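Here is the structure we will look at, set down as structure tokens.
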Amino acid sequence: MVKVAIESNVWRDDSGSVVSGFEDLGGEFDDVANDTATASTLEHENNDTIILLIGQTGTGKTTFIYNATGNPNAKIGEELESETSEISQYDLFVDGHRVILVDTPGFDDTEIPDADIFRNLAEWLAKSYQEGKLIAGIIYFQRITDNRLSKTAKRNIFTFKDICGEGFMENVMLLSTLWARDGAEKMKQMKREERYKDNQDYWKSMIDQGAKTDRYRLYDPHEFGDAQRRAHEIISKILENQPQTTRIQQEMVDDEKKPHETTAGLHLVSEIDKLQEKFEVLIQDLEDKANRSEKDREQYKRELDDLQRQAREAKVQSQKLHGTYKATVMAAIGAVVVSAAAVAAAALSS
Ligand SMILES: Nc1nc2c(ncn2[C@@H]2O[C@H](COP(=O)(O)OP(=O)(O)OP(=O)(O)O)[C@@H](O)[C@H]2O)c(=O)[nH]1
Ligand SMILES: [Mg+2]
């Protein structure tokens, strides 16, 4: 057995507050840590089973990987902001199969979609398909503690559906996390789970197309057994799948589309376009109000600044989505260089 250092991890209650360390985990894992590695450089073998973990930030993706592998490189978030910032891979053996768990940065819970996260994921998927590696399963992580299905959460689900496509749904596992151990809280969460399953915008359409559901919590000796065994059970179910291509892989590799031209990308483009229009209208409205008097200007200044910041952010995300962000920065740098050269030339000629 390998003792894994777990003191640095935190455990949060439903409100997201840290309530204690992970000491109730027992701190012991089977001897899998020796076999594990993380790296974008991880070499794949032909019959590896590839499983992607996708979901909003803080839904427990990295926790699951840490529990499954015991690999201390799987860094669990201690703050409320996103922890995982790039796609990383971890290997382990389950039922005699080499499994590659792919940890992805969580979609943010912000109004403006994060283009980098989407593009990186799209490009990673396209590359793995080009290399002939198919995905056996995608686990979509969802906190069961989320009371309200926020607009952002719904948008992230839409994007996820677009990425997978109907044909991939049988390989999707909708995994609810952060379950309460028992009692009234758990009853409440079970009702919430039913609502997720019945809601067309949420899980229902995916379940109808073959997606499976399961529950996961870090540790519950009464119902779920220990965290590692449960994680392996979930992985075992995915091992039964026939690896498939996702829609976005077909679109990007077979149809040679860019990320922003795919179904998921087009929806995000239109989402950002709508947001930009909304910000424009709001800014115009506030500017009108602010221009009425000095006092009004003071009153609306902060709100206006905030809206202008959001409008700039939406523009950046739009450029990132289209892959033109760098070009714009370079063009700006280019313009400075040209004007500096013009000044130097003018100085020389005078
Ligand atoms: N109470 C409770 N907390 C959990 C559970 N699983 C994870 N957490 C906590 O939730 C927080 C986020 O977990 P992570 O595993 O880092 O989440 P993530 O999905 O990888 O987040 P990003 O990397 O930001 O996308 C951490 O503080 C975990 O300790 C659980 O079952 N119960
Ligand atoms: Mg993470």
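Keep in mind that what you see is a predicted model, and the values were worked out from it rather than measured. We count ligands from 1, going down the list as the structure has it; atoms in each ligand are counted the same way.
- Taking 4.5 Å as the limit, some side-chain heavy atom of Glu233 sits within range of a side-chain heavy atom of Arg230.
- The shortest N or O to N or O distance between Asp103 and ligand 1 is not below 3.5 Å.
- Using a 3.5 Å distance cut-off with no hydrogens or angles, the side chains of Gln317 and Glu313 do pair a donor with an acceptor.
- Defined by atom type and a distance below 3.5 Å, a donor-acceptor pair is missing between the side-chain atoms of Gln244 and Asn171.
- Listed by atom number, the atoms of ligand 1 under 4.0 Å from Leu178 heavy atoms are 2 (C), 3 (N), 4 (C), 5 (C), 6 (N), 30 (C), 31 (O), 32 (N).
- For ligand 1, the polar-atom distance check against Thr62 finds a nitrogen or oxygen pair separated by under 3.5 Å.
- Ion pairing of Asp305 with Lys301 is present here, as a side-chain N (NZ or NE/NH1/NH2) and a carboxylate O approach within less than 4.0 Å.
- For ligand 1, the atoms sitting less than 4.0 Å from at least one non-hydrogen atom of Thr63 are 6 (N), 7 (C), 13 (O), 14 (P), 15 (O), 28 (C), numbered in the order shown with element in parentheses.
- Distances from atom 22 (P) of ligand 1 to the heavy atoms of Leu53, Asn67, Thr57, Thr145 put Thr57 nearest.
- Note on ring orientation: taking the six-membered ring where Trp is involved, the planes of Phe64 and Tyr216 are perpendicular (angle over 60°, cut-offs 30° and 60°).
- Remark: distances from the non-hydrogen atoms of Gly55 to ligand 1 are all 4.0 Å or more.
- Ligand 1 has a nitrogen or oxygen under 3.5 angstrom from a nitrogen or oxygen of Lys61.
- Checked by distance only, ligand 1 and Thr104 stay at 3.5 Å or farther apart across all their nitrogen or oxygen atoms.
- Defined by atom type and a distance below 3.5 Å, a donor-acceptor pair is present between the side-chain atoms of Asp288 and Gln284.
- Residue-ligand proximity, Gly106 to ligand 1, at heavy-atom distances under 4.0 Å covers atoms 25 (O).
- Residues Phe107 and Thr152 form no side-chain contact, since every pair of their non-hydrogen atoms from C-beta on lies 4.5 Å or further apart.
- Distance check for Thr63 against the Mg ion (ligand 2): none of its N/O/S atoms falls below 2.8 Å.
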